[in-house]
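Written out below as structure tokens is the structure these notes cover.
These figures come from a predicted structure and were not determined experimentally.
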Amino acid sequence: QVQLVESGGGLVQPGGSLRLSCAASGVFFSIKAMGWYRQAPGKQRELVATIKSPSSTEYGDPVKGRFTISRDKNTVYLQMSSLSPEDTAVYYCNAAATLSSLNRLPKNYWGQGTQVTVSS
């Protein structure tokens with residue numbers, strides 16, 4: 001079992017910056033990858049960024065060049081810059097974890113989400 005708790009969301013003005021954090025806790029063997037997804041009102045959930053290692057990251061097209069994902073042990077961060085109203089959404093943390101050294105099939109876990117609102 002993996003519990004993911006997001007923090008850092010809130011209200012920010014257009015052009016501003018915000019840093020999200022997500023800490024994983026619980027009983028598990030290891031976390032293979034972590035990432036961020038978001039869902040805006042009336043839209044489908046979309047990829048923001050994922051990370052396995054510093055050299056293995058992926059970004060969704062809308063955030064490339066503006067967002068940076070990083071990872072420290074079982075905590076993942078999302079540094080968001082040059083924010084616009086289009087970035088307004090609920091941001092969800094994701095982790096792919098294995099529960100034991102015997103079972104190597106990772107399972108996805110999700111946080112409850114944190115609201116990011118970009119508005120003047």
Side-chain angles (χ1 to χ4, degrees):
Q1 295 290 324
V2 180
Q3 292 81 48
L4 302 174
V5 180
E6 302 100 334
S7 63
L11 176 65
V12 63
Q13 295 184 358
S17 299
L18 207 61
R19 186 174 189 247
L20 304 182
S21 300
C22 175
S25 62
V27 181
F28 56 88
F29 180 69
S30 67
I31 294 179
K32 297 291 187 178
M34 302 187 77
W36 293 93
Y37 296 76
R38 69 184 184 184
Q39 187 168 22
K43 299 181 66 178
Q44 298 290 331
R45 185 176 298 186
E46 66 178 3
L47 167 71
V48 177
T50 61
I51 183 171
K52 287 185 177 182
S53 66
S55 60
S56 181
T57 59
E58 294 183 357
Y59 294 90
D61 288 338
V63 309
K64 289 181 179 178
R66 299 187 298 118
F67 291 9
T68 301
I69 190 170
S70 60
R71 179 182 174 185
D72 180 15
K73 296 182 180 180
N74 295 323
T75 302
V76 64
Y77 306 91
L78 184 68
Q79 180 64 51
M80 305 183 292
S81 300
S82 300
L83 288 165
S84 70
E86 288 69 37
D87 296 312
T88 296
V90 177
Y91 285 70
Y92 295 92
C93 178
N94 169 267
T98 58
L99 301 185
S100 74
S101 61
L102 300 179
N103 187 354
R104 300 181 180 181
L105 296 178
K107 183 178 180 179
N108 284 317
Y109 297 87
W110 295 89
Q112 64 181 6
T114 184
Q115 178 70 48
V116 173
T117 302
V118 185
S119 176
S120 59

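Linking Ile, Leu, Val, Met, Phe, Trp and Tyr residues whenever their side-chain heavy atoms come within less than 4.5 Å places Y59 and M34 in a single cluster. Clustering ILVMFWY residues whenever any of their side-chain heavy atoms sit less than 4.5 angstrom apart, transitively, puts Y92 in a cluster other than the one holding V76. No path of Ile, Leu, Val, Met, Phe, Trp and Tyr side chains, each step under 4.5 Å between heavy atoms, connects Y77 with Y91, placing them in separate hydrophobic clusters. No continuous path of ILVMFWY side-chain contacts below 4.5 Å connects Y37 to I69, so the two sit in separate hydrophobic clusters. Cluster annotation: L78 is connected to V12 through the hydrophobic network of ILVMFWY side chains, with a link wherever side-chain heavy atoms come within less than 4.5 Å.
Taken to the nearest 0.5 Å, the CD atom of E46 stands 9.5 Å off from the CD atom of Q39. The distance from atom CG of L18 to atom CD of Q79, rounded to the nearest 0.5 Å, is 8.0 Å.
Scanning both residues, A96 and N108, for their nearest heavy atoms gives CB-OD1, 3.7 Å. For A97 against V2, the heavy-atom pair with the smallest separation is CB-CG2, 3.8 Å. In terms of heavy atoms, S82 sits closest to S17 at N-OG, 4.4 Å.
Residues satisfying the salt bridge (charged side-chain N to carboxylate O under 4.0 Å, His left out) criterion with E58, sequence neighbours excluded, are absent altogether. Partners of D61 according to the side chain to side chain contact (heavy atoms under 4.5 Å, CB included) rule, which considers only residues two or more places apart in sequence or in another chain, are K64.
Residues L99 and F28 meet the side-chain proximity criterion, which asks for heavy atoms closer than 4.5 Å. Inter-residue side-chain proximity for V63 and R38 is flagged as met; some heavy-atom pair is nearer than 4.5 Å.
R45 contributes no side-chain N or O that, together with a main-chain N or O of L47, makes up a donor-acceptor pair within less than 3.5 Å. Under the 3.5 Å distance criterion, the side-chain polar atoms of E6 are matched with a main-chain donor or acceptor of C93.
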Note to self: For a side chain to side chain contact (heavy atoms under 4.5 Å, CB included) check, start with the C-alpha distance between K52 and K32, then their side-chain angles and the critical distance, and finish with the verdict.
What the structure shows: CA-CA 6 Å; K52 287 185 177 182; K32 297 291 187 178; 5.8 Å; no
Margin query: One pair to check against side chain to side chain contact (heavy atoms under 4.5 Å, CB included): S25 and V5. What are the steps and the verdict?
Written below: CA-CA 8 Å; S25 62; V5 180; 5.6 Å; no
Enumerate donor-acceptor pairs with a distance under 3.5 Å from any side-chain N or O in residues 109-120 to protein atoms, sequence neighbours excluded.
residue, atom, partner, partner atom, Å
Q115, NE2, A89, O, 3.4
Q115, NE2, T117, OG1, 3.3

